[in-house]
Amino acid sequence: MTLQEMEEFVTSLGQPRYRAEQIFKWLYKQGVDDFALMSNLPLAFQRQLAEKGLVTAAVTEEGAREAADGTKKYYFRLLDGCHVESVFIPEERRKTVCFSTQVGCAIGCAFCATGQQGFVRNLRVAEIVDQVRRIGIERKTRITHAVAMGQGEPLANYEATLKAIRLLNADYGLGIAARHLTISTSGIVPAIYRLAEEDLQINLAISLHAARDDLRSELIPLNRTYPLPVLMEAGRHYAARTKRRVTLEYIMIDGVNDGEEDLKELLALTNGWLCHVNLIPYNPVPGTGYHPSASATLRRFYQTLQRSNVAVSIRQERGAEIEAACGQLRQRLKQMKKR
Ligand code: SAH
Ligand code: SF4
């Protein structure tokens with residue numbers, strides 16, 4: 001619920017409007033889920049809330065693995081027994097959560113573990129928000145950044161993802177700055193146009209991974225529906241409309257998209273607009289047949305882009321040893337418990 005929805009709810013129970021804010025403070029600022037512990041609420045009202053069957057915990061931690069650098073992968077159970085994974089990535093000044101927006105994913109990218117799993121269902125708003133909230137509670141820290149780069153295609157679950165983003169951003173919610181929130185998409189073009197009209201300063205990342213249509217269609221089947229010219233047009237539109245630099249994610253896969261020709265095509269795509277290339281070492285997923293590019297190749301891409309005045313960075317992959325890195329998330333509790 002938004003604060004306004006909660007206000008309507010509490011007033012429908014005969015309570016003053018400000019009770020909504022009190023409940024939100026407990027939930028988001030104190031990390032308290034149990035109505036009986038919300039000490040400034042009248043006892044009768046606490047009981048009433050519990051009786052109404054109001055759920056505060058939409059995800060429950062069922063397992064977790066932590067890497068040496070503090071990256072931690074969570075295995076969350078949803079109320080209907082489905083599962084999703086989320087990742088906590090601590091840096092000196094940033095505390096980032098990578099959250100999921102769907103159980104599985106229908107896009108079926110050839111290189112991605114989630115894509116191999118197929119699509120189960122969209123996540124609900126509470127299930128998205130609660131991944132971030134719960135990790136903040138468990139790590140006893142304020143989450144400063146959140147990225148929709150876990151399982152699922154966020155723009156294929158547009159309504160829930162956007163409402164969740166607003167709750168993550170709201171002062172009465174988790175209070176994460178809009179500029180610290182990122183949606184990554186495989187390229188659902190109509191949804192990018194729609195996102196450009198939202199009154200939000202969030203970041204958009206487009207999973208490019210190939211700079212020519214035949215190769216991109218092989219890697220990301222959705223490219224057949226929204227090929228590169230229309231996708232890049234949408235990216236340019238988003239950048240122009242929001243004045244936000246759009247990130248182009250480019251996984252480096254050995255012998256697939258990391259040749260001289262690929263580099264030239266990538267340079268051409270980035271020409272003349274507000275974008276930024278994020279080069280990502282490929283994280284191996286068994287059964288795909290893909291392998292990461294040599295580090296010298298990665299460096300060559302980086303240096304050439306930089307010399308051509310394209311904003312470029314290399315993503316520092318974290319948590320690969322616990323299979324918490326990009327594209328490695330899927331339902332695999334058995335393995336998580338074993339180790
Ligand atoms: N569905 C969205 C967001 C989730 S995936 C999307 O595809 O953009 C987040 C990022 O991880 C995407 O850029 C995706 O292409 C990338 N990714 C998927 N599998 C990967 C892998 N095995 N190694 C590195 N990055 C991967
Ligand atoms: Fe889905 Fe993104 Fe994985 Fe593609 S990369 S299958 S869109 S989660």
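Counting starts at 1 for both ligands and their atoms, in listed order. Along the sequence shown, residues carry numbers from 1. Excluded from the calculations below are hydrogen atoms, water molecules and symmetry mates; all remaining heavy atoms, backbone and side chain alike, are included.
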Chemist: Tell me the contacting part of Thr185 for ligand 1: side chain, backbone, both, or neither, using a 4.0 Å heavy-atom threshold, strictly below.
Modeler: backbone
Chemist: Check ligand 2 against Ser186 and write out every atom of the ligand that is under 4.0 Å from a heavy-atom position of the residue.
Modeler: 7 (S)
Chemist: Among Leu27, Asp130, Ile23, whose side-chain contact (heavy atoms from CB on, under 4.5 Å) with Thr56 holds?
Modeler: Leu27
Chemist: How would you list all residue pairs meeting salt bridge (Lys or Arg N to Asp or Glu O under 4.0 Å) that involve residues 92-113, not counting sequence neighbours?
Modeler: none
Chemist: Need the ligand 1 atom indices (1-based, order shown) with element for anything under 4.0 Å from a heavy-atom of Ala148.
Modeler: 3 (C)
Chemist: Does ligand 1 have any atom that is closer than 4.0 Å to a heavy atom of Gln151?
Modeler: no
Chemist: Atom 14 (C) of ligand 1: which of Gln102, His209, Glu249 has the nearest heavy atom?
Modeler: His209
Chemist: Return the set of residues passing side chain to side chain donor-acceptor pair (under 3.5 Å) with Tyr302 (not counting sequence neighbours), or none when no residue passes.
Modeler: Gln306
Chemist: Please say whether Arg315 places an N or O atom under 3.5 Å from an N or O atom belonging to ligand 1.
Modeler: no
Chemist: At under 4.0 Å between heavy atoms, which part of Phe111 makes contact with ligand 1: side chain, backbone, both or neither?
Modeler: both
Chemist: Specify side chain, backbone, both or neither for Val285, according to which of its non-hydrogen atoms lie closer than 4.0 Å to ligand 1.
Modeler: side chain
Chemist: Quick check on contacts: which atoms of ligand 2 are under 4.0 angstrom from a heavy atom of Gly115?
Modeler: 6 (S)
Chemist: Which of these, Pro284, Gly152, Ser184, Ser186, has its nearest heavy atom closest to atom 1 (N) of ligand 1?
Modeler: Gly152
Chemist: By the definition side-chain contact (heavy atoms from CB on, under 4.5 Å), identify the one residue from Leu200, Thr242, Ile202 that meets it with Leu195.
Modeler: Ile202
Chemist: Quick check on atom 3 (Fe) of ligand 2: does Cys112 put an N/O/S atom closer than 2.8 Å to it?
Modeler: yes
